[in-house]
*Asks:* 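Please find one structure pasted underneath; my questions will follow.
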Amino acid sequence: MTRDVRILNTGSLLELSRRLRVAGGENIRQSMHRRVRRAAEPLRDDLQDAIRGLDIRGQGRSTRPGGPSPNGRPLRATIADAIRISVRSGSSPGATVWIDKGRMPPDLKNVPAQLNQGRLRHPVFGNRRRWANQYAAPPWWDTTVRNHRPRMESEVARILDDVRRRLE
């Protein structure tokens with residue numbers, strides 16, 4: 001699973017970042033950050049929708065749907081809440097959409113990658129001698145990112161052109 005998404009045109013962004021620093025255009029820099037973040041927000045929102053609507057099926061109980069979470073933490077909502085956007089300038093400028101493992105419970109940190117591969121293997125109610133497999137339609141992360149990539153690249157290119165024009 002691609003752990004994060006980076007829309008970068010490193011050469012253009014580095015050159016623009018240097019020019020912004022020299023020009024001292026704090027207003028232009030804030031505007032660029034805001035616009036890049038806005039370009040990434042639809043991807044984050046669709047990733048959250050994709051995980052919230054992901055169909056996860058067990059191997060046995062096909063006639064009976066699963067009940068509430070045994071530990072009180074809804075799995076899909078927990079993963080959706082951990083999806084973040086970060087925009088940065090400096091030596092490696094760009095935007096990143098990623099899953100913040102710090103916002104995930106320790107026992108769920110690898111679950112998004114497993115779900116993206118299509119199979120979640122876990123102990124049954126914490127019993128490490130008995131394991132169950134659950135299956136999801138793969139790959140929820142990769143497919144969503146692939147669908148958004150052309151739009152994001154064109155938006156970031158447009159933003160860079162606008163900033164470049166304002167600096168000239």
Side-chain angles (χ1 to χ4, degrees), residues 1-14 16-17 29-59 61 65-123 131-163:
M1 171 180 150
T2 308
R3 294 212 191 281
D4 56 15
V5 182
R6 294 184 179 156
I7 301 298
L8 307 170
N9 183 352
T10 320
S12 297
L13 286 172
L14 280 171
L16 250 168
S17 182
R29 184 179 303 154
Q30 287 175 350
S31 173
M32 183 178 88
H33 277 247
R34 185 174 55 252
R35 290 178 65 191
V36 170
R37 178 174 292 280
R38 281 193 194 141
E41 283 174 355
L43 172 60
R44 182 203 53 206
D45 295 343
D46 279 357
L47 284 168
Q48 289 174 336
D49 290 344
I51 191 63
R52 283 188 180 114
L54 187 65
D55 185 31
I56 303 172
R57 296 190 181 269
Q59 55 198 39
R61 302 168 39 179
S69 174
N71 56 16
R73 292 183 319 241
L75 174 67
R76 294 173 191 90
T78 303
I79 295 171
D81 291 340
I83 297 175
R84 296 273 176 255
I85 300 173
S86 64
V87 178
R88 67 205 169 280
S89 61
S91 62
S92 68
T96 306
V97 178
W98 54 291
I99 295 178
D100 184 0
K101 289 191 174 186
R103 293 188 52 95
M104 300 278 291
D107 57 334
L108 296 181
K109 289 185 184 213
N110 294 324
V111 170
Q114 289 182 28
L115 288 175
N116 193 54
Q117 292 172 356
R119 184 183 122 188
L120 173 62
R121 182 172 157 75
H122 62 89
W131 290 75
N133 290 314
Q134 288 184 288
Y135 300 96
W140 67 276
W141 180 274
D142 296 339
T143 304
T144 308
V145 168
R146 198 174 313 115
N147 292 341
H148 278 269
R149 188 173 209 107
R151 180 197 56 80
M152 286 184 63
E153 287 174 347
S154 66
E155 275 191 54
V156 169
R158 192 183 75 231
I159 292 167
L160 293 177
D161 289 342
D162 290 348
V163 171

*Asks:* Taking the side chain as C-beta and beyond, is there a heavy-atom pair between Met104 and Pro112 under 4.5 Å?
*Replies:*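 Yes, close enough: below the 4.5 Å cut-off.
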
*Asks:* When rounded to the nearest 0.5 angstrom, what is the spacing between NE2 in His33 and OG in Ser86?
*Replies:*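 Output value for this atom pair is 10.5 Å.
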
*Asks:* Can you tell if the side chain of Ile51 reaches within under 4.5 Å of the side chain of Leu75, non-hydrogen atoms only?
*Replies:*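 Contact flag for Ile51/Leu75 side chains = no.
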
*Asks:* For the atom pair CD1 (Ile79) and NZ (Lys109), what is the distance rounded to the nearest 0.5 Å?
*Replies:*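 Rounded to the nearest 0.5 Å, the CD1-NZ separation comes out at 13.5 Å.
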
*Asks:* My understanding is that only residues two or more places apart in sequence, or in another chain, count here; which of them pass side chain to side chain donor-acceptor pair (under 3.5 Å) with Asp162?
*Replies:*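 If we apply the side chain to side chain donor-acceptor pair (under 3.5 Å) test to Asp162, skipping adjacent residues, the hits are Arg35, Arg165.
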
*Asks:* With side chain to side chain contact (heavy atoms under 4.5 Å, CB included) as the test, would you mind laying out the steps for Asn110 and Lys101 before giving the verdict?
*Replies:* CA-CA 9 Å; Asn110 294 324; Lys101 289 191 174 186; 3.6 Å; yes

*Asks:* State which residues pass salt bridge (Lys or Arg N to Asp or Glu O under 4.0 Å) with Arg151; sequence neighbours excluded, sorted by chain then number.
*Replies:*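 Glu155.
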
*Asks:* Who passes side chain to side chain donor-acceptor pair (under 3.5 Å) against Arg103, sequence neighbours left out?
*Replies:*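 Side chain to side chain donor-acceptor pair (under 3.5 Å) list for Arg103, sorted by chain: empty.
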
*Asks:* Without swapping roles, check the side chain of Arg57 against the backbone of Gln134 for a donor-acceptor pair under 3.5 Å.
*Replies:*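 Here the side-chain-to-backbone pair does not exist.
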
*Asks:* I need the minimum non-hydrogen distance between Ile99 and Trp141, along with the two atoms involved.
*Replies:*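 That closest heavy-atom pairing would be CG1-CZ3, 3.7 Å.
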
*Asks:* For Pro42 and Ala39, work out which heavy atoms get closest and say how close.
*Replies:*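 Shortest heavy-atom separation between Pro42 and Ala39 comes out as CD-O, 3.5 Å.
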
*Asks:* Identify the two heavy atoms, one from Leu54 and one from Ala137, that lie closest to each other, and give their separation to 0.1 Å.
*Replies:*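 Heavy-atom minimum between the residues: CD1-O, 3.8 Å.
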
*Asks:* Is the shortest heavy-atom distance from the side chain of Ile85 to the side chain of Thr96 under 4.5 Å?
*Replies:*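 Of all side-chain heavy-atom pairs linking Thr96 with Ile85, none is under 4.5 Å.
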
*Asks:* Sequence neighbours left out, what passes salt bridge (Lys or Arg N to Asp or Glu O under 4.0 Å) with Asp81? Give chain and number order.
*Replies:*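 If we apply the salt bridge (Lys or Arg N to Asp or Glu O under 4.0 Å) test to Asp81, skipping adjacent residues, the hits are Arg52.
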
*Asks:* Indicate the atoms forming the closest heavy-atom contact of Trp131 with Arg121, along with that distance.
*Replies:*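 What the structure gives for the nearest pair is CB-NH1, 3.6 Å.
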
*Asks:* Is there a side-chain contact between Leu120 and Val111 (heavy atoms, below 4.5 Å)?
*Replies:*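 Yes. Closest side-chain heavy atoms under 4.5 Å.
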
*Asks:* Which pair of heavy atoms, one from Leu47 and one from Trp140, lies closest together, and at what distance?
*Replies:*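 Result for this residue pair: O-CZ3, 3.8 Å.
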
*Asks:* Just to verify, what does Asp100 make a side chain to side chain donor-acceptor pair (under 3.5 Å) with, not counting sequence neighbours?
*Replies:*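 By the side chain to side chain donor-acceptor pair (under 3.5 Å) rule, Asp100 matches no residue at all.
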
*Asks:* Just verifying a value: how many Å separate Leu115 CG and Arg76 CZ, rounded to the nearest 0.5 Å?
*Replies:*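 Atom-to-atom, Leu115:CG and Arg76:CZ are 8.5 Å apart.
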
*Asks:* Taking all atoms of both residues into account, what is the closest heavy-atom pair of Leu43 and Val145, and its distance?
*Replies:*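 Distance-wise, the nearest heavy atoms are CD1-CA, 4.0 Å.
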
*Asks:* So which pairs with a foot in residues 39-50 pass side-chain hydrogen bond (donor to acceptor under 3.5 Å, both in side chains), sequence neighbours left out?
*Replies:*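 Output for this query lists Asp46-His148.
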
*Asks:* If you round to the nearest 0.5 Å, how far is CD1 of Ile159 from CZ of Arg37?
*Replies:*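 Taking CZ in Arg37 and CD1 in Ile159, the distance rounds to 12.0 Å.
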
